[in-house]
Trainee: 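Have a look at the structure that comes next, please.
We count ligands from 1, going down the list as the structure has it; atoms in each ligand are counted the same way. Residues take their numbers from the sequence shown, with the count starting at 1.
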Amino acid sequence: MNHKEVGEMDLFEKFTEHEQVVFCNDPATGLKAIIAIHDTTLGPALGGCRMQPYESVDEALKDVLRLSKGMTYKCAAADVDFGGGKSVIIGDPEKDKSPELFRAFGQFVESLNGRFYTGTDMGTLPQDFIHSLKETNCIVGVPEEYGGSGDSSIPTALGVIYGIQATNRALFGSDDMKGKAYAIQGLGKVGSKVAARLVEEGAHLYVSDINQHAIDQLIDKANQHHATVQVVRGEDIYRVDADVFVPCAFGGIINDSTIESFSFKGIVGSANNQLLDESHGQMLHQKGILYAPDYIVNSGGLIQVADELYEPSKERVLQKTKSIYDSLLSIYQYAELHHIPTSEAADLFCRERMEARKRRNSFFSHAKRPKWNVRT
Ligand SMILES: NC(=O)C1=CN([C@@H]2O[C@H](COP(=O)(O)OP(=O)(O)OC[C@H]3O[C@@H](n4cnc5c(N)ncnc54)[C@H](O)[C@@H]3O)[C@@H](O)[C@H]2O)C=CC1
Ligand SMILES: O=C(O)CCC(=O)C(=O)O
């Protein structure tokens, strides 16, 4: 069949690399969600659920497609037995949440029968998924009293700190975070924790957030530590005179126009999909800005939720999260040796790991489903 002749088939051209995309619609609760499964070579798809008032379904679709692909690479880099997936709920996290909406979402996740596991992301909280848990076991990162591993932004933030230390080592010859200036965009679950740690270390911060409460909380903390925090508005964060940019809000913030404004020496943050597209990794490379690939830096949350396969152990998760430091240094070294952008070096490493898995023997024993000890 010639797809071009059949209008409705054009939709498939938007996700030629993805295994499965599920549109979830429940008028009774107002749920409009999309689940994208990118690649299950390494295991069932895993990825958080983002809630955002997207302007259009197309915008939500683009976001979930990019985010789920990023999860495939993140899982490969972190060496966990999961594949890449992600979900988005179209709605305002401040106004549109309800227990029924998250329950309905749980039913759609359950309908995938173990192909997709999900939890928090931007705009959602561990508590939201207590409701989804009534409908499916394929939920990760719920509070510990519900059998989950709890807030995954804790190891994510720790991973960002390891990322900053490794980047400082590469740039300045020492892990030390003290006395340097950092520009943090977004003081949410991850950004607030990273900022608090940097304040404790005696760093100087420039911060921006649209949530005044988050800014006030950080300033209180900074006052206790006699640290300096300078609040900047909107796009001005791209122009401040900081050593390291720490994007912890949304993606696409490294693009043609922002790169021109950057005078940073390094970029290390939790935001997913920081590069608007691959060419921006090359542009950073040419401008001599050291970029810590996002999916390596922000894999702490993934490391924690993937670890729910085993009996819970915070120590083990924190230990595994330390690997982010070494992984980044290896990627920096490889990129330098081969004169390629760090983003390209990270992608090459992940693709090689997936190819190796495909080559490995896979003797049949029984269905390769995770054993979720905690809730089975
Ligand atoms: N929570 C986690 O464990 C993980 C998070 N990430 C990524 O890290 C980023 C942050 O995640 P969370 O902290 O969980 O989200 P969050 O929703 O808790 O925080 C996002 C923060 O960004 C702020 N923000 C929104 N628009 C902004 C703007 N225009 N300028 C400045 N600030 C703005 C929000 O007010 C909020 O404080 C997201 O891209 C997420 O996908 C990645 C891996 C794991
Ligand atoms: O942190 C989580 O709950 C899942 C991992 C994830 O979605 C992410 O790393 O972006």
Trainee: Under a 4.0 Å heavy-atom limit, does Lys86 contact ligand 1 with its side chain, its backbone, both, or neither?
Mentor: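 Looking at Lys86 and ligand 1, no heavy atom falls under 4.0 Å.
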Trainee: Closest approach of Gly186 and Cys248, non-hydrogen atoms and distance?
Mentor: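 So the two residues come closest at O-CB, 3.6 Å.
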Trainee: Can you confirm if the NZ or CZ of Lys287 lies within 45° of the ring axis of Phe262 and under 6.0 Å from the centre of its six-membered ring?
Mentor: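 Pair Lys287/Phe262 does not count as cation-pi.
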Trainee: Which atoms form the tightest heavy-atom contact between Thr321 and Pro155, and what is the distance?
Mentor: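 Smallest heavy-atom distance, with atoms named: CG2-O, 3.6 Å.
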Trainee: Any nitrogen or oxygen of Arg50 lying under 3.5 Å from a nitrogen or oxygen in ligand 1? Just yes or no.
Mentor: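 Looking only at distances, the answer is yes, because the N/O contact criterion of under 3.5 Å is met.
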Trainee: What protein heavy atom lies closest to atom 27 (C) of ligand 1? Include the residue and the distance to one decimal.
Mentor: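 I find the closest protein heavy atom is Phe250 CE2, 3.6 Å.
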Trainee: Are any of the N or O atoms of Asn272 closer than 3.5 Å to those of ligand 1?
Mentor: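 Yes; the residue has a nitrogen or oxygen that sits under 3.5 Å from a nitrogen or oxygen of the ligand.
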Trainee: Among all protein heavy atoms in this structure, tell me which lies nearest to atom 3 (O) of ligand 1, with the distance rounded to 0.1 Å.
Mentor: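 Sorting protein heavy atoms by distance from atom 3 (O) of ligand 1 puts Thr156 OG1, 2.7 Å first.
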Trainee: For ligand 1, find out whether one of its N or O atoms is nearer than 3.5 Å to an N or O atom of Ala249.
Mentor: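 Yes - when backbone and side-chain N and O of Ala249 are compared with those of ligand 1, one distance drops under 3.5 Å.
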Trainee: Should the proximity of Asn298 to ligand 1, defined as any heavy atom under 4.0 Å, be assigned to the side chain, the backbone, both, or neither?
Mentor: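 The part of Asn298 near ligand 1 is both the backbone and the side chain.
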Trainee: What are the atoms of ligand 1, with element, lying closer than 4.0 Å to any heavy atom of Asn211?
Mentor: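 By the 4.0 Å cutoff, the relevant atoms are 35 (O).
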Trainee: When you compare the side chain of Asn211 with that of Leu187, does any pair of heavy atoms fall below 4.5 Å?
Mentor: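 The answer is no; the side chains never approach within 4.5 Å.
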Trainee: In terms of residue, atom name and distance, what is the protein heavy atom nearest to atom 37 (O) of ligand 1?
Mentor: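 That would be Asp209 OD2, 2.7 Å.
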Trainee: Roughly how far, to the nearest 0.5 Å, is the CD atom of Glu19 from the OG1 atom of Thr41?
Mentor: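 Rounded to the nearest 0.5 Å, the OG1-CD separation comes out at 6.5 Å.
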Trainee: Report yes or no: does a heavy atom of Cys248 sit under 4.0 Å from some atom of ligand 1?
Mentor: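 Yes.
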Trainee: Taking side chain as C-beta onward, heavy atoms only, is Asp256 less than 4.5 Å from His280?
Mentor: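 They are in contact (side-chain heavy atoms under 4.5 Å apart), so the answer is yes.
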Trainee: Are there any protein N or O atoms under 3.5 Å from the N or O atoms of ligand 2? List them with distances, or say none.
Mentor:
{"from": "ligand 2", "atom 1": "1 (O)", "to": "Ser152", "atom 2": "OG", "distance (Å)": "3.2"}
{"from": "ligand 2", "atom 1": "7 (O)", "to": "Gly48", "atom 2": "N", "distance (Å)": "2.6"}
{"from": "ligand 2", "atom 1": "7 (O)", "to": "Lys86", "atom 2": "NZ", "distance (Å)": "2.8"}
{"from": "ligand 2", "atom 1": "9 (O)", "to": "Lys74", "atom 2": "NZ", "distance (Å)": "2.6"}
{"from": "ligand 2", "atom 1": "10 (O)", "to": "Lys74", "atom 2": "NZ", "distance (Å)": "3.0"}
{"from": "ligand 2", "atom 1": "10 (O)", "to": "Lys86", "atom 2": "NZ", "distance (Å)": "2.6"}
{"from": "ligand 2", "atom 1": "10 (O)", "to": "Asn272", "atom 2": "ND2", "distance (Å)": "3.2"}

Trainee: Look at atom 5 (C) of ligand 1 and say which protein heavy atom is nearest, naming residue and atom and giving the distance to 0.1 Å.
Mentor: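 Answer for atom 5 (C) of ligand 1: Val190 CG2, 4.0 Å.
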Trainee: Which label fits Phe102 and Phe105: parallel for a plane angle under 30°, tilted from 30 to 60°, or perpendicular past 60°?
Mentor: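 Phe102 and Phe105: perpendicular rings.
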Trainee: Could you tell me, atom by atom, which parts of ligand 1 come under 4.0 Å of a heavy atom of Gly186?
Mentor: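 Counting atoms of ligand 1 from 1, those under 4.0 Å from Gly186 are 22 (O), 32 (N).
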Trainee: Could you tell me whether the side chain of Gln304 and the main chain of Ser149 form a donor-acceptor pair under 3.5 Å?
Mentor: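 Looks like yes, one N/O pair under 3.5 Å.
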Trainee: Determine yes or no for a side-chain-to-main-chain donor-acceptor pair under 3.5 angstrom, with Asn298 supplying the side chain and Ser270 the backbone.
Mentor: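 Such a contact is found between Asn298 side chain and Ser270 backbone.
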Trainee: Under 4.0 Å between a Lys/Arg side-chain N and an Asp/Glu carboxylate O for Glu352 and Arg359?
Mentor: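 Salt bridge: yes.
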Trainee: Looking at atom 26 (N) of ligand 1, what's its closest protein heavy atom, distance included?
Mentor: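 Atom 26 (N) of ligand 1 sits closest to the protein heavy atom Ile210 CD1, 3.5 Å.
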Trainee: Would you indicate whether the side-chain heavy atoms of Asn168 and Val244 approach each other to under 4.5 Å?
Mentor: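 Val244 vs Asn168: side chains touch.
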Trainee: Is any side-chain heavy atom of Tyr295 less than 4.5 Å from a side-chain heavy atom of Leu302?
Mentor: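 No, every pair of side-chain atoms sits at 4.5 Å or beyond.
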Trainee: In terms of side-chain geometry, is the basic nitrogen of Lys97 or Asp128 positioned less than 4.0 Å from the acidic oxygen of its partner?
Mentor: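 Result for this pair is yes, salt bridge flagged.
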Trainee: Write down the atom of Asp294, the atom of Asn273, and the distance for their closest heavy-atom approach.
Mentor: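 Nearest pair, atom of Asp294 first, then Asn273: OD2-N, 2.8 Å.
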Trainee: Looking only at distance, does Asp121 have an N or O less than 3.5 Å from an N or O of ligand 1?
Mentor: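 There is such a contact, yes.
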Trainee: I'd like to check which ligand 1 atoms, numbered from 1 as shown, lie under 4.0 Å from a non-hydrogen atom of Ala271.
Mentor: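 Close to Ala271: 8 (O), 9 (C), 39 (O).
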Trainee: Could you pull out the closest heavy-atom pair between Ile237 and Ile184, with the gap in Å?
Mentor: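 Shortest heavy-atom separation between Ile237 and Ile184 comes out as CD1-O, 3.7 Å.
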Trainee: Counting only heavy atoms not in Lys32, do more than 12 fall under 6.0 Å of its NZ?
Mentor: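 Incorrect, the count does not exceed 12.
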Trainee: Look at ligand 1 and say whether Leu187 reaches it with a heavy atom at a distance under 4.0 Å.
Mentor: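 Distance cut 4.0 Å: Leu187 passes for ligand 1.
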Trainee: Taking 4.0 angstrom as the limit and counting only heavy atoms of Ser152, give me the atoms of ligand 1 inside it, by number and element.
Mentor: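 Reading through ligand 1 atom by atom, the close ones are 3 (O).
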Trainee: May I ask you to list the atoms of ligand 1 that are less than 4.0 angstrom from any heavy atom of Lys74?
Mentor: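 Those qualifying, in numeric order: 43 (C).
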Trainee: For Ser208, take its heavy atoms, then give the atoms of ligand 1 lying under 4.0 Å from any of them.
Mentor: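 Numbered from 1, ligand 1 contributes 31 (C), 32 (N).
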Trainee: Report yes if some N/O of Gly123 lies less than 3.5 Å from some N/O of ligand 1; otherwise report no.
Mentor: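 In this structure, Gly123 places an N or O atom under 3.5 Å from an N or O of ligand 1.
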Trainee: For a quick test of reading the model, state the closest non-hydrogen atom pair linking His339 to His285 and the distance between them.
Mentor: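 Closest approach of His339 to His285: O-NE2, 3.7 Å.
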Trainee: What residue and atom, counting heavy atoms only, is the protein's closest point to atom 18 (O) of ligand 1, and at what distance?
Mentor: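 Answer for atom 18 (O) of ligand 1: Lys189 N, 2.9 Å.
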Trainee: So which heavy atom in the protein is nearest atom 19 (O) of ligand 1, and how far is it from that ligand atom?
Mentor: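 Heavy-atom neighbour on the protein nearest atom 19 (O) of ligand 1: Gly188 CA, 3.2 Å.
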Trainee: Any idea which protein heavy atom is nearest atom 8 (O) of ligand 1, and the distance to it?
Mentor: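 Closest protein heavy atom to atom 8 (O) of ligand 1: Ser270 OG, 2.9 Å.
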